[in-house]
Amino acid sequence: MSDKITRKDFILRTGAAFTGISALGYSSILGANDTINVGVIGTGSRGTYLAQEIAQTSNVRLVACCDVRQENLERGLSYAVNNAKGYTDYRKMLEHPELDAVIIATPLSLHYEMARDAVNAGKHVYCEKTMTYAIEEAQKLAAQVQDSSSIFQVGYQHRHNPLYQRIYELVNDGSIGPISYVKCTWNRNGDWRRPVPNPSLERLINWRMYREYSQGLMAELCSHQIDIVNWVLGEVPGRVSGFGGIDYWKDGRETYDNVHTIFDYPSGVKGKYTAITTNAHEGYSIRFYGKKAMIEVRDVSGHQASIYAEQQARQVRADDNQADAITEPTNKAWEQGEPIPLKVEGQANQEAGTTQMALTHFVKCIIDNKQPLSNVINGHDSAICVIMANNAMRNGTIEPWKEEYAI
């Protein structure tokens with residue numbers, strides 16, 4: 001494209017105050033003739049969910065679906081327009097004469113090849129996280145997209161939730177003081193398996209459990225939080241360490257059933273990322289520990305947040321008799337250190353809300369020829385972080401962020 005997006009551009013664009021039009025307002029801005037024809041590659045559970053959301057998104061027509069399993073293909077097409085085309089080979093779908101953009105919702109190991117081919121075909125791309133399976137793929141794809149005219153969005157939908165945009169502001173304007181530590185969990189109690197109607201389909205359906213196709217819990221869960229923390233801090237980790245293992249589910253899986261990693265950021269902030277499959281306490285959470293206060297994001301998928309003031313900050317506020325710079329809680333709640341709910345106008349309260357915001361944002365970026373909030377640069381960074389963490393756990397090493405990773 002004529003204007004390459006650099007890391008500096010990315011930080012400036014995505015780190016600015018989000019005081020403009022929210023994702024929820026995009027549909028009222030798009031013209032009646034601004035219609036994007038989209039195809040979904042991979043209509044399994046996630047792809048079908050995205051197809052359903054596309055059907056409810058303004059200025060979009062779902063005109064094609066692709067999947068190697070007939071039942072998945074038919075399910076995806078049920079949300080498409082009349083006369084939509086079905087494919088079992090994504091390369092044939094890319095030849096569809098009316099296709100403007102594709103959504104890639106396939107196993108991780110297939111992302112790079114499909115995204116590369118889609119960009120080569122001149123299509124815009126919405127690629128589910130994690131962007132690529134390997135570091136080399138992330139580097140190649142980032143370079144390719146920057147040299148193309150394709151709009152490329154990565155499916156880190158939390159960035160589009162005004163709640164997270166407000167948290168970004170609170171951390172970066174100093175409201176909660178300097179950050180020293182971030183703790184993230186995504187805990188579940190279950191084997192993570194999906195039913196398999198025929199043993200021959202085991203690896204196709206449960207691909208997340210096999211290293212040939214998957215980067216495991218770090219990619220499927222923790223990468224969402226890694227992306228948010230990298231974004232809020234404005235940096236990537238300088239080194240990563242951790243432990244994990246297959247310690248409970250002795251069922252032939254190859255990816256870990258528990259992961260515990262520590263990211264050491266150049267600023268001195270330490271980030272801890274944990275996901276387990278044997279206890280759901282804490283569930284999804286992100287905690288930003290500042291000198292003045294702590295912000296906690298929680299809920300099943302991270303749609304609620306609260307602020308906890310530190311004693312010193314509560315005393316300063318009481319002595320100065322000043323309004324709280326973070327929210328407007330009652331004096332009593334602030335002074336007693338009780339959790340203060342963080343509410344933001346237009347925030348999403350469930351997964352469907354943030355996904356809809358992300359898809360609507362993608363459409364608007366195509367029409368306006370603008371770079372998405374979650375693009376190939378942060379997609380590149382998050383993918384490398386995931387792989388660094390897995391390498392650290394598997395090899396018992398401290399993995400450095402190498403100079404060659406920079407783009």
Side-chain angles (χ1 to χ4, degrees), residues 14-15 108 128-131 154-161 163-168 170-172 176 179-188 192 208 214-237 240-244 255-256 258-265 267 269-277 279-290 294-306 342 347-348 350-351 354-355 357-358 373-374 377-390 392-393 399 401:
T14 60
L108 173 55
E128 270 296 347
K129 58 80 194 147
T130 299
M131 188 177 83
V154 181
Y156 289 117
Q157 62 266 23
H158 285 308
R159 284 179 177 243
H160 304 278
N161 188 341
L163 177 65
Y164 284 84
Q165 295 167 5
R166 181 63 177 139
I167 290 169
Y168 177 98
L170 294 175
V171 171
N172 283 279
I176 68 170
I179 302 296
S180 60
Y181 175 49
V182 183
K183 179 183 178 183
C184 301
T185 65
W186 202 327
N187 299 334
R188 295 176 174 178
W192 210 23
R208 292 173 179 83
S214 171
Q215 291 287 352
L217 292 169
M218 290 305 305
E220 296 304 308
L221 298 182
C222 297
S223 70
H224 278 291
Q225 297 163 321
I226 291 168
D227 181 72
I228 288 294
V229 175
N230 288 354
W231 171 51
V232 171
L233 297 182
E235 56 182 351
V236 294
V240 177
S241 66
F243 293 91
T255 56
Y256 292 159
N258 68 101
V259 294
H260 313 265
T261 63
I262 296 178
F263 286 29
D264 183 15
Y265 289 89
S267 64
V269 174
K270 305 300 185 289
K272 183 177 182 181
Y273 302 88
T274 293
I276 63 176
T277 57
N279 188 290
H281 183 66
E282 292 188 303
Y284 174 108
S285 70
I286 304 178
R287 298 179 179 91
F288 292 94
Y289 290 82
M294 186 267 284
I295 297 178
E296 178 186 47
V297 187
R298 59 190 186 282
D299 197 19
V300 176
S301 298
H303 300 98
Q304 304 295 325
S306 296
L342 179 59
Q347 74 183 66
Q350 57 183 347
E351 166 66 19
T354 53
T355 298
M357 288 175 177
L373 294 176
S374 177
I377 291 183
N378 68 283
H380 161 278
D381 292 351
S382 297
I384 292 178
C385 286
V386 164
I387 298 160
M388 287 171 63
N390 277 331
M393 289 186 288
E399 293 291 313
W401 182 279

- prompt: How about Ile262 and Val240: do any of their side-chain heavy atoms sit closer than 4.5 Å?
  reply: no
message: Once ring pair (Phe, Tyr, Trp, His ring centres under 6.0 Å) is applied, do any residues pair with Tyr156, and if so which ones, sequence neighbours excluded?
response: His224
message: With a 3.5 Å distance limit and no angle check, can you tell me whether Glu399 reaches the backbone of Ala389 through a side-chain donor-acceptor pair?
response: no
Side-chain donor/acceptor of Asn172 to backbone N/O of Val232, under 3.5 Å: yes
query: Does the side chain of Gln165 reach to within under 4.5 Å of the side chain of Gln347, using non-hydrogen atoms?
result: no
query: Would you say Val297 and Ser285 make side-chain contact, with heavy atoms under 4.5 Å?
result: no
message: Is there a side-chain contact between Val229 and Tyr265 in this structure, where contact means two heavy atoms from C-beta onward sitting under 4.5 Å apart?
response: yes
message: Between Ile295 and Leu170, is the side chain to side chain contact (heavy atoms under 4.5 Å, CB included) condition met? List the steps.
response: CA-CA 9 Å; Ile295 297 178; Leu170 294 175; 4.0 Å; yes
task: Applying ring pair (Phe, Tyr, Trp, His ring centres under 6.0 Å), name anything that partners Tyr289, two or more places apart in sequence or on another chain.
output: Tyr181
- prompt: Are the ring centres of Tyr284 and His158 closer than 6.0 Å?
  reply: yes
- request: Rounded to the nearest 0.5 Å, what's the gap from CG on Asp381 to CE on Met388? Could you check?
  value: 10.5 Å
query: What's the spacing between Asn187 CG and His281 NE2 if we round to 0.5 Å?
result: 8.5 Å
Non-neighbouring partners of Gln215 that pass side chain to side chain donor-acceptor pair (under 3.5 Å), sequence neighbours left out: Asn390
field: Rounded distance [0.5 Å steps], CD1 in Ile179 versus CE in Met294
entry: 10.5 Å
message: Taking side-chain contact (heavy atoms from CB on, under 4.5 Å) as the definition, give me every residue that meets it alongside Ser180, ordered by chain and number, with sequence neighbours left out.
response: none
- prompt: For Cys385 and Ile226, which heavy atoms make the closest approach, and how far apart are they?
  reply: CB-CG2, 3.8 Å
message: Within the structure provided, determine whether His160 and Thr354 are in side-chain contact (heavy-atom separation under 4.5 Å).
response: no
message: Assess the residue pair Asn230 and Glu235 against the criterion (side chain to side chain contact (heavy atoms under 4.5 Å, CB included)); give the C-alpha distance rounded to whole Å, side-chain angles, the decisive distance to 0.1 Å, and a yes or no.
response: CA-CA 5 Å; Asn230 288 354; Glu235 56 182 351; over 6 Å; no
His260/Phe243 aromatic ring centres below 6.0 Å: no
Intermediate values then yes/no, salt bridge (charged side-chain N to carboxylate O under 4.0 Å, His left out), Glu282 and Lys183: CA-CA 11 Å; Glu282 292 188 303; Lys183 179 183 178 183; 3.7 Å; yes
- line: Between Leu108 and Ala219, the two heavy atoms sitting closest are CD2-CB, 4.1 Å
message: Under a 3.5 Å threshold, yes or no: a donor from one side chain and an acceptor from the other, between Ser306 and Arg298?
response: yes
message: If you compare all heavy atoms of Ile286 against all heavy atoms of Cys184, which two are closest, and at what distance to 0.1 Å?
response: CG2-SG, 3.8 Å
query: Does Gly242 offer a backbone N or O that forms a donor-acceptor pair with the side chain of Thr261 under 3.5 Å?
result: no
field: Closest heavy-atom pair and its distance - Leu163, Leu342
entry: CD1-O, 3.7 Å
- request: Give me the ring orientation class for Phe263 and Tyr273: parallel if the planes are under 30° apart, tilted from 30 to 60°, perpendicular past 60°.
  value: tilted
Beyond-backbone contact of Asp264 with Pro237, side-chain heavy atoms, under 4.5 angstrom: no
message: When you compare the side chain of Ser223 with that of Met218, does any pair of heavy atoms fall below 4.5 Å?
response: no
- prompt: Hey, are the side chains of Leu217 and Trp192 touching, using non-hydrogen atoms and a 4.5 Å cut-off?
  reply: yes
field: Which residues share a side chain to side chain donor-acceptor pair (under 3.5 Å) with Asp227, sequence neighbours left out
entry: Arg159, Asn378, Ser382
- line: Between Glu128 and Gly155 the two heavy atoms that sit nearest each other are OE1-O, 3.8 Å
message: Using the ring pair (Phe, Tyr, Trp, His ring centres under 6.0 Å) criterion, which residues pair with Tyr256? Sequence neighbours excluded.
response: none
- prompt: What pair of heavy atoms forms the shortest contact from Val269 to Val182, and how long is it?
  reply: CG1-CG2, 4.1 Å
task: Measure the spacing between OG1 of Thr185 and CG of Leu221 and express it to the nearest 0.5 Å.
output: 10.5 Å
